[in-house]
Amino acid sequence: MFRPIVVCLGILDMTQRQFLLLCFLPLAIFTLAFLALPLARLILASSESEAGWAIYLKILQTPRYLSTLLQTVLVSVAVTFAALAISTTAGLFLVRNTFPGRSVLLSILTLPLAFPGVVVGFMIILLGGRQGLVNQLLPGHWVFAYSVLGLFLGYLYFSIPRVLLTVMAAAEKIDPALEEAALTLGAPSYRITLDVLLPALASALIAAGAIAFATAMGAFGTAFTLATKIDVLPMVIYTEFTLSANIAMASALSVVLGLVTWALLLIARSFSGTTVAAGG
Amino acid sequence: MFRPIVVCLGILDMTQRQFLLLCFLPLAIFTLAFLALPLARLILASSESEAGWAIYLKILQTPRYLSTLLQTVLVSVAVTFAALAISTTAGLFLVRNTFPGRSVLLSILTLPLAFPGVVVGFMIILLGGRQGLVNQLLPGHWVFAYSVLGLFLGYLYFSIPRVLLTVMAAAEKIDPALEEAALTLGAPSYRITLDVLLPALASALIAAGAIAFATAMGAFGTAFTLATKIDVLPMVIYTEFTLSANIAMASALSVVLGLVTWALLLIARSFSGTTVAAGG
Amino acid sequence: MTLTLRNIAKTFAGGTRALLPTDLEINKGEIVSLLGPSGCGKSTLLRIIAGLETADPGAAIHFDGEDVTAQPVESRKVGMVFQSYALFPNMSVRGNIAYGLKMQKLPKSEIKARVDEVVTLCQLEKYVSQPIASLSGGQRQRVALARAFAPRPRLLLLDEPLSALDAALRTQLRDELAQLLRNFGITAIFVTHDQNEAMAIADRVAVMSHGKVAQIGTPEALYRNPDTAFVARFVGDAQPLVGRIEGNMLYLQGGKLPLSRAAEGHQAFVRAEDIRLEPRGPLCAKVEAVTFLGAHYRIALTGAAKETLFALYGGLNAPSPGDTVRLAIAPQSILTLPVDKEVA
Amino acid sequence: MTLTLRNIAKTFAGGTRALLPTDLEINKGEIVSLLGPSGCGKSTLLRIIAGLETADPGAAIHFDGEDVTAQPVESRKVGMVFQSYALFPNMSVRGNIAYGLKMQKLPKSEIKARVDEVVTLCQLEKYVSQPIASLSGGQRQRVALARAFAPRPRLLLLDEPLSALDAALRTQLRDELAQLLRNFGITAIFVTHDQNEAMAIADRVAVMSHGKVAQIGTPEALYRNPDTAFVARFVGDAQPLVGRIEGNMLYLQGGKLPLSRAAEGHQAFVRAEDIRLEPRGPLCAKVEAVTFLGAHYRIALTGAAKETLFALYGGLNAPSPGDTVRLAIAPQSILTLPVDKEVA
């Protein structure tokens, strides 16, 4: 993309070139070191128990870790797909229709963006906890805050606005003539959605889904506030580190969590084109 | 943008129109309710102490809350500007230069995206804690993990890749002819940076800065893992709620945190154009 | 198919009148162009015929006598080529062309046969399995045409089908498009803002201005006998000869010219190709600038009329800037038209 | 300023030779066009002159005798107009025009005076305080010109200055641009792929093909005496007359034509405007298609030569498709050129 500037660098006189290098190079190196060093330390730390590198094998052999990893992935996948389904439908509706109060509604929809995970967990308890709104209205049966459902809803609450905005931004860019072309060719609405709209949104959906998944995999505040009975990976890492002082295992679990998420982000990026998937 | 589709809706026969409404409207309403209900409950909950709505006044009168709010905002502002400065310099360098291993480097730079705040806090302890790497190399003087510096570095680690990718995506879109035009008009490099590059990046920088600020304001995992001595707002909310069972105050603090962040996101969005600021 | 439009008007939500009540009759197999500057209502008219927009109440659209005014797009059986081509990027060339046939739920073998037929007609054999993104502008245009034509529509509508192409390609593809439309043998309406495109492709041209049809006729009729000054200027770039008309004489700054008829109160126009440099011509002018255009020179002349006149000169030795020359214009080449109220 | 280029070549990193060693001499105040299809190296040559790209070792660029080969862009004092115009969107029109003067650290009063002068020259008075985003394509082009011209460059370079505009505007702004460049009285080089643009604006045209200058000369010289078949085809769309040449006679499918000189082993070309319909013409042909273009008809003819020939017919009553006609071509209108190896 930026070939011409590289060429420019080639023809600047030495003073200017040195000025540029003086500015940029050290900072680039510093940035790299700052980002890579902690990671290297983390990977090293994971080998510093008696088990050595075999600690990764130990994760696979310990049912508690395995089931936690599985649970975390499952909840994250569920949240991702739910958020995609709800946001796509609502997003398409919002983009396709103008009505009074639409911009106010949009502002409300983006409000949850301002709340951290802790507050979201707290909201879920206010709604679905023992003294929660739902339990007060329908007593005795509706305490869901501390179950998988509560966690799921908390994560979903956190994800929907982010996915929604990505979907709406992508939907606004679809050439309206595409739908009109399908209409003149006799396509009914559901075929237009399937054949035109969803394919056009595909890369935005992949990108938004990847971000939702990564966020859910790493969510800590919500899970911690809910003090849920189900283990999620970030909480196990916290427990191993703070309570059990098992630094090597905490490091190893962190590396696994990072790898799973990173791999997914990379895959999503390769499907949806460059930096889209990395926005969040 | 989507006027033609609204027009289409007007000319579809009734069955198709009903089908569309059946699909979209209930889900849109559900989404709205799902996002608005917890918020309404939160606001109501904040008034349910003896103090009533005066609880917001109480926040302003309690030095601990005020200083926490101030501290959180200060750390977040510092992180935002540091992340912007470092990422802009490094990002411009990366976009302007091609060298062997560039794509590997880019992948490494995006790695921190895969780690949740808990792990980031954990990394900071591995580096700057009492048994940390830095303290081992330079014993006795360099335990920074539990101070403001540790928190700052943790947040920065979390923010840099996100800001970096936004900046790079924006930098790649700058018309190279703009810089060439400035060159032919006799502009030296620092003027090109000031007059051409930074203005062209402005909206991306505002958007990325807003996200970095919002993330820092709400960060919990990092702060919690570091078990830092300085209070940040999400931790105070957690403490009020879980340990003191002071639900009203926790709610009021959450509302304040949400409002501050939301206002900032809105301002950023109005400066940088629609949905950019909401990606994260 | 015969198309009859009666009383078609369009007022947008804000109150803007995009189209004033318009009647139009298009015969079977005819190719008609809607020609006009942007904002003249030509695209709105096309979209109303397609069913993509609804006309104001009172309109009537008949296809071969059948009233389709209330029919939705998908049952009108019209093919449409969009300005952006609007090809489905997630389908191959074949997938795009077959889409309309699939929507008609035809058996697979028939879909294949009909796609192959249209592919041959549009010379797309080499590209059938390629993705849309790999096609050039001209290929995309052919695919869009093939997709619109494959379901055998009653009417083909084209919205600025050449404007997405770059200038060099446009002339070449204009002829190709004209040829394809003739081969299809289909009634077609196409919208353009380029007079050359309209004249080269259409049997009849409807020149539109400010939401109404200013004149409709064959290219020759519009060029030779424009009804209004707008049509004369827009089709063939007629230049105003600002002066005084007395009886059948036109008095200009540089001399007087005989007209073919008495035309007092009218405006006189002439086209660049009708101004001749003649040593004994009745009009005196000064050469301002000379531009070599290959087949001829274009000469900017002052002093003959109030405004600068352009003349085309086909000889080898053009005059030089600063020369004084004499001009002649044949009386039948001077168009005398009623004074236009709208300045277009 | 006089510009002398010696041995300018450019090999890209991948080994692609964008430009073969090229020499060029441009006189003071001359407007020269680099004309050619995309990829012919014309933009690369322009960028090397500007200093935005470096030529391969061995090149020499002289401005008025001064060797600037090693000088960086910012000290070469050239003005450049980019294809995208590259106006600074964060500055007003005035800010853009003043930018180069500010970089020269001129006193404020002088900057103001010089900006005002250029603004008047480019007729931008109405727009000086407007933001760039509010300007039309034509206005942007004028601002880009004014910005490049304000610092009084030694040389003005324009990279496809009209290609960002739509077709209707382009002809109009072509004349405006030509006029402005003459008013500036500056040595200028502009790159284009449009022969009409090159001929209408430039004093001399350098036709480029495959990284080298095929021919350089005035528009008339290129049109009337092309050196190669490529130039003949590219400038004025000469059509090949594929047949057999014996002595000064050309034998075609539809008859034989006298040439102005013996040209065995050469290729014959003719332009559409030089083919005349004459009842007693020596060439027999069949009318394939007739297109009305306003000033004349374009007639597609088969049977005369191997490929379809196009002729322009200026009369009122054109023949109809299917008619048999006879054609005449004056011997001096038939270009006989060496056989081209490159097929362009």
Side-chain angles (χ1 to χ4, degrees), chain A residues 1-2 4-6 8 16 19-20 24 27-28 31 35-36 38-39 41-42 45 86 89-90 93 95-96 98 108-119 122-123 126-127 133 160 165 169 172 176 179-180 189 218 220-221 225 234 237-238 241 250 254 258 261-262 265 275 278-280, chain B residues 1-2 4-6 16 19-20 24 27-28 31 35-36 38-39 41-42 45 86 89-90 93 95-98 108-119 122-123 126-127 133 165 169 172 176 179-180 183 189 218 220-221 225 234 237-238 241 250 254 258 261-262 265 275 278-280:
Chain A
M1 288 293 276
F2 257 64
I5 301 171
V6 181
C8 292
Q16 286 203 315
F19 172 80
L20 277 179
F24 288 127
L27 261 160
T31 311
L35 293 178
L39 189 68
R41 183 74 195 85
L42 183 73
I86 294 174
T89 328
F93 181 81
V95 168
R96 283 152 155 267
T98 39
I108 292 175
L109 290 182
T110 61
L111 249 174
L113 287 173
F115 292 103
V118 177
V119 176
F122 178 32
M123 283 175 177
L126 284 178
L127 273 189
L133 184 66
I160 283 181
L165 286 168
E172 270 167 10
E179 291 180 72
E180 296 182 344
S189 312
F220 176 71
T225 314
I237 294 172
Y238 177 79
F241 178 66
S254 297
T261 318
W262 187 58
L265 285 175
T275 44
Chain B
M1 288 289 278
F2 258 63
I5 301 171
V6 182
Q16 285 203 314
F19 172 81
L20 277 179
F24 286 128
L27 261 161
T31 311
L35 292 179
L39 190 68
R41 184 73 193 86
L42 183 73
I86 294 173
T89 327
F93 181 80
V95 168
R96 283 153 155 268
N97 292 279
T98 40
I108 292 175
L109 290 183
T110 61
L111 248 174
L113 287 174
F115 291 104
V118 178
V119 176
F122 178 32
M123 284 174 176
L126 284 178
L127 273 188
L133 186 67
L165 286 169
E172 271 168 10
E179 291 181 71
E180 296 182 345
L183 265 180
S189 311
F220 176 71
T225 313
I237 294 172
Y238 177 79
F241 178 65
S254 297
T261 318
W262 187 59
L265 285 176
T275 43

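For clarity, every value in this text was computed on a predicted model and none was experimentally measured. Below, chains carry the letters A, B, ... as their sequence lines are ordered, and counting in each starts from 1.
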What pair of heavy atoms forms the shortest contact from [X] to [Y], and how long is it?
X        : Y        : answer
A/Pro234 : B/Val118 : O-CG1, 4.0 Å
B/Pro38  : A/Leu127 : CG-CD1, 3.6 Å
B/Gly258 : A/Ala114 : O-CB, 3.3 Å
A/Gly221 : B/Phe220 : CA-CD2, 3.5 Å
B/Phe115 : A/Ser254 : CE2-O, 3.4 Å
A/Gly218 : B/Pro116 : O-CB, 3.0 Å

_Among B/Phe122, B/Tyr238, B/Phe241, residue most engaged with chain A (heavy-atom pairs, under 4.5 Å)_ =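 Going by pairs under 4.5 Å, I would pick B/Phe122.
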*asked:* Looking only at heavy atoms and a cut-off of under 4.5 Å, which of B/Gly117, B/Ala250, B/Ala45 has the most pairs with chain A?
replied: B/Ala250
*Side chain from CB out, backbone as N, CA, C, O: work out which of these in A/Leu42 comes under 4.5 Å of a heavy atom of chain B, or both, or neither.*
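Contact with chain B is through both the backbone and side chain of A/Leu42.
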